[in-house]
Amino acid sequence: MTPGVELLEGLNPAQKEAVETIDGPLLIIAGPGSGKTRVITHRIAYLVRACGVSPRRIIAVTFTNKAAREMRDRLQQLVGAQADALTVGTFHAFCALLLRREGESIGLPANYSIYDADDQLSLIKQAMELAELEPKRNPPQAIRSVISKAKSLLMDSRGLAQRAETYFEEISARVFHHYEELLARNNAVDFDDLLMKAVLLLQEVSEVRERYQSRYQYLMVDEFQDTNVAQYRLARLLAGDQANICVVGDPDQSIYSWRSADIRNILSFQQDYPQAKTISLEQNYRSTGAILEAAQNLISVNGMRLQKGLFTDNGQGAPLVVHEAYDQEEEASFVLGEIDRLVREESVKPGDCAVMYRVNAQSRALEEACLHRGTKYRLVGGVRFYQRREVKDLLAYLHLLHNPADEVNLSRVISVPPRGIGAKSMQALARWALDQQIPLFTAMQRIAACRSAGEPCPVALPSRAAKAVADFATMVDELIASSANTRIVDLIDQVLEATGLRRHIQSGEDRPDERWENILEFREIAQEYNAEEPADGLATLLERISLVADVDSYEESEESITLITLHQAKGLEFPVVFIVGLEEGLLPHSRSMESEEQLEEERRLCYVGITRAQHHLYLLRAFRRGFMGSTGPTVSSRFLREIPGHLLTAAKREQSVKPASKRSSFGARGPAIDAPPAPMPVRPTLEIGDLVRHSSFGEGVVTDFVASAGDHEVTIQFREDVGVKRLLLSFAPLEKIEG
DNA sequence: TCCTCATAACTTTTT
DNA sequence: GTTATGAGGA
């Protein structure tokens with residue numbers, strides 16, 4: 001028997017074909033729950049075990065570190081220790097490594113820093129000062145986004161200046177130019193640079209390109225619909241003329257266009273590789289028929305779309321539950337109440353349940369409800385660990401030790417703790433450094449040298465400040481010297497003591513215990529890097545930390561429910577899913593309602609959420625929701641209307657447990673005094689989720705609403721003894737109960 | 001130089 | 001209901 005042939009067992013024909021097609025370009029269109037990961041991992045294992053390809057020659061690129069880790073784990077099971085020789089990682093991680101090894105050939109020193117969004121912003125503000133632009137009139141955030149878009153299209157500041165179409169782009173190009181220089185001076189790159197410089201490197205330096213092309217014979221790209229132009233170019237450069245490139249994606253799950261992801265890459269792929277084979281995986285193994293049907297109906301509203309015929313052999317399953325809560329507190333308590341009930345009555349584990357939302361701010365109400373009820377939960381995202389102030393401060397010191405040219409991190413730590421070097425002194429120092437054409441930190445070292453030699457200070461500084469600067473430079477120098485031969489954890493301890501950071505945190509007013517806990521947690525993480533060479537250990541630690549997302553640290557647990565944004569939920573699946581906040585302005589988000597493209601992306605986001613569910617799906621909405629301190633009534637999401645009514649059912653009545661007083665106090669028709677005018681024209685009639693009273697049937701919930709021949713047909717779920725009724729709006733004696 | 005208090009401005013989504 | 005910024009006082 002051919003070795004590795006058992007890897008094909010249990011695959012459907014399309015999956016099998018995808019695994020066996022190993023040479024030449026291959027595009028796999030993989031619907032949700034179609035066994036995509038299985039196909040990718042089996043394909044790699046097949047290459048290794050059946051085709052005898054050395055694992056060193058295979059590279060698989062994923063979107064998140066978590067996906068990479070999962071893939072590696074699965075491959076370990078399929079090919080054992082050989083999995084270690086595979087290259088599996090995110091685009092950014094691969095580029096970071098490539099640049100650290102080969103960057104010198106395009107003038108990038110190996111000890112470069114990676115700047116995150118915050119660092120970028122502070123550099124952009126500096127660049128704006130140099131370009132003499134008012135940050136008030138030109139929001140730095142917006143400029144950053146223009147720069148980032150340009151870079152993801154592989155444009156530098158010259159390119160942007162040439163192709164600028166608006167005044168704002170022209171301004172941005174001017175800032176961009178200074179920004180590039182500042183990055184170079186700080187020996188730093190931003191996220192987009194990782195990709196752009198890697199492309200530049202492979203394009204310009206043929207020796208390196210050929211080496212990598214001949215090393216990697218087989219290339220796979222996961223989540224291809226979320227790649228941007230730079231990433232796609234990189235993939236093509238790596239694939240070379242051999243073109244054993246396999247890309248896997250689903251255009252309907254493209255939700256990162258705001259980060260310059262470009263679905264058109266799928267079209268480009270077919271143009272760039274006309275001989276490419278396309279395989280569609282259409283059988284869904286994850287969800288019930290009802291869930292899949294709802295998802296398909298929703299997504300089919302999108303205009304620009306490749307039709308797909310998803311199907312499942314799973315049963316129809318339970319209908320989707322829609323519920324309108326009074327406010328976000330009641331929404332949260334409904335969710336938790338329902339989870340309790342499922343755990344009690346249907347042997348569901350809390351860990352099987354996930355609550356998904358559009359924006360992180362929505363997690364607050366849910367967290368509070370969990371705390372109140374004693375429900376264990378795991379929050380994915382939120383305030384990121386590495387973004388916490390104390391952790392970032394410590395990291396900034398480590399960055400400075402690794403790359404003393406890094407002035408963003410230098411400025412960050414110069415006054416943490418306060419050591420008598422204020423803004424004025426820093427300004428004077430910076431001016432002098434610029435004058436002397438030396439880096440800021442070198443200027444500080446000069447002052448230290450002058451002082452110890454008893455010479456006068458070359459910069460006009462108050463003597464206290466001059467001493468403080470000299471002490472600081474000496475301290476950092478000592479730490480740098482020590483970093484070359486100290487284990488990471490010991491280095492961290494030295495930094496905490498020498499800089500006074502430990503005392504600063506522990507004697508601080510602001511939750512000192514919690515903040516110190518975070519430092520200790522960071523210390524734990526760093527411990528894992530001890531095995532490596534000390535100097536290299538610092539480099540890898542910093543690199544890894546710069547490139548991890550929070551979803552990466554997500555671990556499954558049986559007792560805790562999961563709170564997660566819709567974006568982060570991509571690639572995950574749960575038996576029970578609650579999607580909350582199905583309201584106009586939230587899902588779809590108000591910032592995405594300007595253009596049809598953005599709206600379609602919101603719809604895809606909703607689609608991603610729905611297709612995460614295996615057995616039970618709940619679609620929730622709050623009638624009133626607070627935003628930015630104030631609170632106002634909401635309008636039901638159009639997405640609810642785009643799901644056919646026969647798939648939906650209203651939540652059982654007793655679930656809405658809020659005391660009646662709260663409801664009635666708002667008043668059925670009374671003017672909403674504190675409510676801002678609704679941003680969207682409210683439908684003059686009824687909407688899905690509305691509560692109505694019928695003169696003979698009693699109270700009910702609208703579950704469907706269709707226009708028909710000059711009238712509207714409403715489907716209403718009444719009390720259990722009455723059941724579901726279809727009524728024509730113009731005839732039915734219906735009264736809306738509220739809002 | 002550093003800290004406190006007020007106010008303004010804002011919140012998509014993340015490698 | 002937050003977090004970033006600024007003025008003014010110690």
Side-chain angles (χ1 to χ4, degrees), chain A residues 61-68 89-96 114-118 120-122 125 135-136 139-141 145 148 151-152 189-195 223 226-228 230-231 254-261 328 356-365 368 380-384 386-387 389 414-427 461-462 464-465 468 508-510 543-552 564-571 581 585-594 598 601-602 604-606 608-609 626-631:
Chain A
V61 194
T62 60
F63 192 62
T64 62
N65 294 293
K66 178 174 185 289
T90 64
F91 271 109
H92 289 88
F94 174 76
C95 292
I114 300 172
Y115 277 180
D116 68 12
D118 285 347
Q120 264 187 68
L121 218 52
S122 89
K125 284 177 189 160
K136 286 260 159 62
Q141 291 272 15
S145 136
S148 168
K151 285 190 177 183
S152 66
V189 302
D190 61 25
F191 281 123
D192 302 304
D193 279 338
L194 288 172
L195 304 170
E223 306 284 13
D226 286 325
T227 53
N228 64 27
Q231 287 164 326
S254 156
I255 54 176
Y256 285 107
S257 74
W258 51 273
R259 220 174 63 191
S260 308
Q328 48 196 341
M356 302 179 182
Y357 38 83
R358 177 66 234 262
V359 301
N360 276 309
Q362 285 173 267
S363 71
R364 173 177 300 273
E368 278 169 7
V380 184
V383 186
R384 295 172 182 71
Y386 296 114
Q387 300 279 51
R389 205 173 63 235
I414 192 73
S415 285
V416 186
R419 41 172 75 82
I421 307 169
K424 264 237 170 92
S425 304
M426 282 299 278
Q427 221 169 27
L461 285 178
R464 278 175 75 111
E509 290 274 286
D510 189 22
E543 186 177 293
R544 284 285 280 280
I545 285 173
S546 302
L547 298 174
V548 291
D550 271 8
V551 75
D552 299 334
I564 192 167
T565 65
L566 287 163
H567 280 90
Q568 293 183 111
K570 193 176 69 160
L586 200 52
L587 186 63
H589 195 271
S590 54
R591 299 269 283 247
S592 303
M593 297 205 292
E594 283 152 32
Q598 289 181 320
E601 179 146 319
E602 295 288 302
R604 290 194 292 269
L605 190 56
C606 191
V608 165
F627 48 91
M628 288 198 259
S630 68
T631 168

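Proteins come first, then strands; the chains are lettered A, B, ... in the order of their sequence lines, and each starts at number 1.
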Q: How would you list, by chain and number, every residue that makes a side chain to side chain donor-acceptor pair (under 3.5 Å) with Asn228(A), sequence neighbours excluded?
A: none
Q: Would you mind reading off the distance between Arg259(A) atom CZ and dT15(B) atom P, rounded to a whole angstrom?
A: 6 Å
Q: Which residue lies toward the 5' end of DNA chain B, Ala423(A) or Ala117(A), if each is placed at its nearest nucleotide?
A: Ala423(A)
Q: To the nearest Å, how far apart are Leu195(A) CG and dT15(B) C1'?
A: 8 Å
Q: Distance check needed: dC3(B) C1' versus Arg419(A) CZ, whole Å only.
A: 17 Å
Q: On DNA chain B, does the nearest nucleotide to Glu601(A) precede the nearest nucleotide to Pro418(A) from the 5' side, or the other way round? Give the residue.
A: Pro418(A)
Q: Side chain of His92(A) only, heavy atoms from C-beta on: which candidate in dT11(B), dT14(B), dT15(B) is closest?
A: dT15(B)
Q: Report yes if at least one side-chain N or O of Asn360(A) is closer than 4.0 Å to OP1 or OP2 of dT13(B); otherwise report no.
A: yes
Q: Mind checking Tyr256(A) for me? I need base, sugar-phosphate or nothing, with any heavy atom below 4.0 Å counting as a touch.
A: sugar-phosphate
Q: By the 4.0 Å heavy-atom rule, please label Ile421(A) as base, sugar-phosphate, or nothing.
A: sugar-phosphate
Q: Less than 5.5 Å between centroids and less than 30° between ring planes, does Trp258(A) satisfy that with dT13(B)?
A: yes
Q: Identify the pairs formed between an N or O of the protein and an N or O of nucleotides 4-10 of chain C at a distance under 3.5 Å, and give each distance.
A:
{"unit_1": "dT5(C)", "atom_1": "OP1", "unit_2": "Lys125(A)", "atom_2": "NZ", "d": "3.1"}

Q: Ignoring backbone atoms, test whether Gln568(A) places a side-chain nitrogen or oxygen under 4.0 Å from the OP1 or OP2 oxygen of dT13(B).
A: no
Q: Please report, rounded to the nearest Å, how far the C1' atom of dT14(B) is from the CD atom of Gln231(A).
A: 12 Å
Q: Rounded to whole Å, how long is the line connecting atom CD1 of Ile414(A) with atom P of dT1(B)?
A: 12 Å
Q: For dT1(B), does OP1 or OP2 lie under 4.0 Å from any side-chain N or O of Ser415(A)?
A: no
Q: In chain order, what residues pass the ring pair (Phe, Tyr, Trp, His ring centres under 6.0 Å) check against Tyr115(A), with sequence neighbours excluded?
A: none
Q: Counting just side-chain N and O atoms, does Arg364(A) come under 4.0 Å of either OP1 or OP2 of dT2(C)?
A: yes
Q: Between Ile114(A) and Ala96(A), what is the shortest heavy-atom contact and its length?
A: CD1-CB, 4.4 Å
Q: Does dT1(B) have OP1 or OP2 under 4.0 Å away from a side-chain N or O of Ser425(A)?
A: yes
Q: Considering residues at least two apart in sequence or located in another chain, which fulfil the side-chain contact (heavy atoms from CB on, under 4.5 Å) criterion with Gln120(A)?
A: Arg144(A), Tyr179(A), Asp190(A)
Q: Could you tell me the separation between the CD atom of Gln231(A) and the CD atom of Glu223(A), rounded to the nearest 0.5 Å?
A: 11.5 Å
Q: Expressed as a whole number of angstroms, how long is the span from Ile114(A):CD1 to dT15(B):P?
A: 14 Å
Q: Not counting sequence neighbours, which residues clear side chain to side chain donor-acceptor pair (under 3.5 Å) with Ser122(A)? List them please.
A: none
Q: So, using side chain to side chain donor-acceptor pair (under 3.5 Å) as the criterion, who are the partners of Ser152(A) when residues are at least two apart?
A: Ser260(A)
Q: Is the charged tip of Lys570(A) near the ring of Phe63(A): under 6.0 Å from the six-membered ring centre and within 45° of its axis?
A: yes
Q: Can you tell me how far P of dT13(B) sits from CZ of Phe63(A), to the nearest Å?
A: 15 Å
Q: Round to a whole Å and report the spacing from CZ of Arg464(A) to C1' of dT1(B).
A: 8 Å
